[in-house]
Structures are given as structure tokens and as C-alpha cells.
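Everything on this sheet refers to the single structure shown next.
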Amino acid sequence: MMKKAAYFILVLVLISILFSVFRSSAQNPLKVGDKIPSFQLKDQSGDNFDIDQYIGNTAMVIYFYPKDDTPGCTKEACSFRDAYEAFTDKNIKVIGISSDDVESHKNFAAKYNLPFTLLADTESEVRGLFGVRDNAFGLIPGRVTYVIDKKGEIIFMYDSQLKAAKHIEESIKAIDAAIKE
């Protein structure tokens with residue numbers, strides 16, 4: 001009886017892993033040259049944020065991260081905070097997106113003095129629109145950063161789950177290269 005239960009659980013785990021792998025690979029990630037989709041989410045203050053209000057007016061850095069107040073995500077957010085002027089001096093809006101709710105974002109922003117917008121994608125709809133894939137068999141949401149020009153077109157993308165702080169460095173390099181062109 002115990003062997004049957006263990007076997008059944010193992011089969012369920014394998015099926016869920018396979019499902020998450022195929023579900024992840026079915027997404028079509030946005031890439032350099034693509035226009036970003038329209039979306040609306042709540043920010044850390046509970047206000048509605050409509051991306052269409054920014055397209056045509058300002059360039060943006062949109063970064064997707066797994067979870068508020070975890071070591072890698074805190075390092076990434078604080079790195080964006082520390083380099084914030086490097087973005088705002090070039091009229092670039094920084095936006096962080098995770099599936100955490102408004103209250104979590106509010107606490108995270110207050111705890112670490114984050115001066116930029118955090119958006120609550122609680123249903124991972126915007127993550128899906130961008131095609132940001134999960135990692136580790138679908139258990140950990142992906143970490144991807146997009147640099148977007150004023151027209152809403154992606155000019156740079158950086159995807160690395162483990163090199164959280166490097167997202168900022170690579171984004172600044174891409175922005176500086178685009179400005180020189």
C-alpha cells in the first residue's frame with residue numbers, strides 16, 4: 001500500500017514538472033525590436049498604472065523579478081535604487097514587476113527606499129504578455145530586464161536568474177550605446 005502511494009505521488013510530481021516545462025516553452029518571449037504590449041496594473045500605492053500613458057513620452061526599463069524581499073530580488077532592487085539617477089538623468093522610467101500584491105510592494109519599497117514604480121502582476125498576466133519564462137521547472141518566476149525606447153520598442157533585453165545586480169549594469173551599457181548611435 002505504501003509503495004503504491006509513493007509511486008502515485010512520484011507520477012503526479014513528474015506530470016506537474018512536465019506540464020510546467022511544456023507550459024513555459026509554449027510562451028513566445030518578446031525580443032529586441034518588438035513593441036511592448038498595452039497593460040494596466042496597480043502600483044505600490046494602489047494606483048492604476050497604464051503603460052500607454054508612458055509610450056511616446058519616455059523611455060523605460062521594465063524588469064521582471066521573482067519575489068519581494070528575497071536576497072536576489074532585494075539586491076537587484078537596491079542596485080536599481082543606487083543607480084536610479086543614471087536612468088532619470090536620461091529621462092528613463094524604471095519599473096519593477098512581480099506577482100506580489102500591492103501591500104507587499106508598498107512594504108518592500110518603504111523598507112529599501114525604492115524610488116521607482118513597482119507593479120503588482122498578481123495573476124502573472126503581464127509576465128505572460130512579455131513571455132517571461134519561469135525557471136527551475138516552473139517553480140521560480142524568471143528574472144528579465146527590458147530597455148524600451150520612447151516608441152515602446154524593445155532595444156535591449158537581459159535574462160539572468162542568478163546575476164541579479166548585472167541587470168542594471170547591462171541596461172546602462174545598452175542605454176549608453178543607444179544614445180551614441
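Computed from a predicted structure; not experimentally measured. Numbers here are sequence positions counted from 1.
Separation of atoms CD1 (I62) and OH (Y54) is listed at 11.0 Å; rounding is to 0.5 Å. For the atom pair CD1 (I97) and OH (Y65), the distance works out to 9.0 Å, reported to the nearest 0.5 Å. If you take OG on S98 and CZ on F108, they are separated by 8.0 Å, rounding to the nearest 0.5 Å. How far CE of M60 is from CZ of F116: 15.5 Å, rounded to the nearest 0.5 Å. The structure places OH of Y112 at 10.0 Å from CG of D68, a figure rounded to the nearest 0.5 Å. For the atom pair CG (L119) and CG (D47), the distance works out to 11.0 Å, reported to the nearest 0.5 Å.
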Residues 82-89 side chain polar contacts: donor-acceptor under 3.5 Å, at least two apart:
| from | atom 1 | to | atom 2 | distance (Å) |
| --- | --- | --- | --- | --- |
| Y84 | OH | P115 | O | 3.4 |
| T88 | OG1 | Y84 | O | 3.4 |

Distance-only donor-acceptor pairs under 3.5 Å for side chains of residues 147-156, two or more places apart:
| from | atom 1 | to | atom 2 | distance (Å) |
| --- | --- | --- | --- | --- |
| D149 | OD1 | K151 | N | 3.0 |
| D149 | OD1 | G152 | N | 3.1 |
| D149 | OD1 | E153 | N | 2.9 |

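Listed by chain and number, the residues in a side chain to side chain donor-acceptor pair (under 3.5 Å) with T74 amount to none (sequence neighbours excluded). Annotation: side chain to side chain contact (heavy atoms under 4.5 Å, CB included) contacts of A120 (sequence neighbours excluded): V102, H105, T122. Residues satisfying the side chain to side chain contact (heavy atoms under 4.5 Å, CB included) criterion with D52, sequence neighbours excluded, are S38, D50, I55. Remark: S99 engages no residue in a side chain to side chain donor-acceptor pair (under 3.5 Å) (not counting sequence neighbours). When the ring pair (Phe, Tyr, Trp, His ring centres under 6.0 Å) test is applied to F39, no partner is found at least two apart in sequence or on another chain. For the ring pair (Phe, Tyr, Trp, His ring centres under 6.0 Å) test, residues two or more places apart in sequence or in another chain that qualify with F130 are F64, Y146.
Side-chain atoms of R81 never come within 3.5 Å of backbone atoms of N113 as a donor-acceptor pair (strictly under, hydrogens ignored).
For the pair I51/Q40, no side-chain contact is recorded, criterion being any heavy-atom separation below 4.5 Å from C-beta on. Looking at T145 and E76, their side chains come closer than 4.5 Å, going by heavy atoms from C-beta outward.
Residues L114 and C78 approach most closely at CD2-N, 4.4 Å, considering heavy atoms.
Sorted by first and then second residue, the pairs that involve residues 31-43 and meet salt bridge (charged side-chain N to carboxylate O under 4.0 Å, His left out), not counting sequence neighbours, are K31-D34. The salt bridge (charged side-chain N to carboxylate O under 4.0 Å, His left out) contacts involving residues 97-121 comprise K67-D100, D69-K111, where partners must be two or more places apart or lie in separate chains.
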(request) Dump the intermediate steps for side-chain contact (heavy atoms from CB on, under 4.5 Å) on V61 and I95, then the final yes or no. (result) CA-CA 6 Å; V61 171; I95 303 164; over 6 Å; no

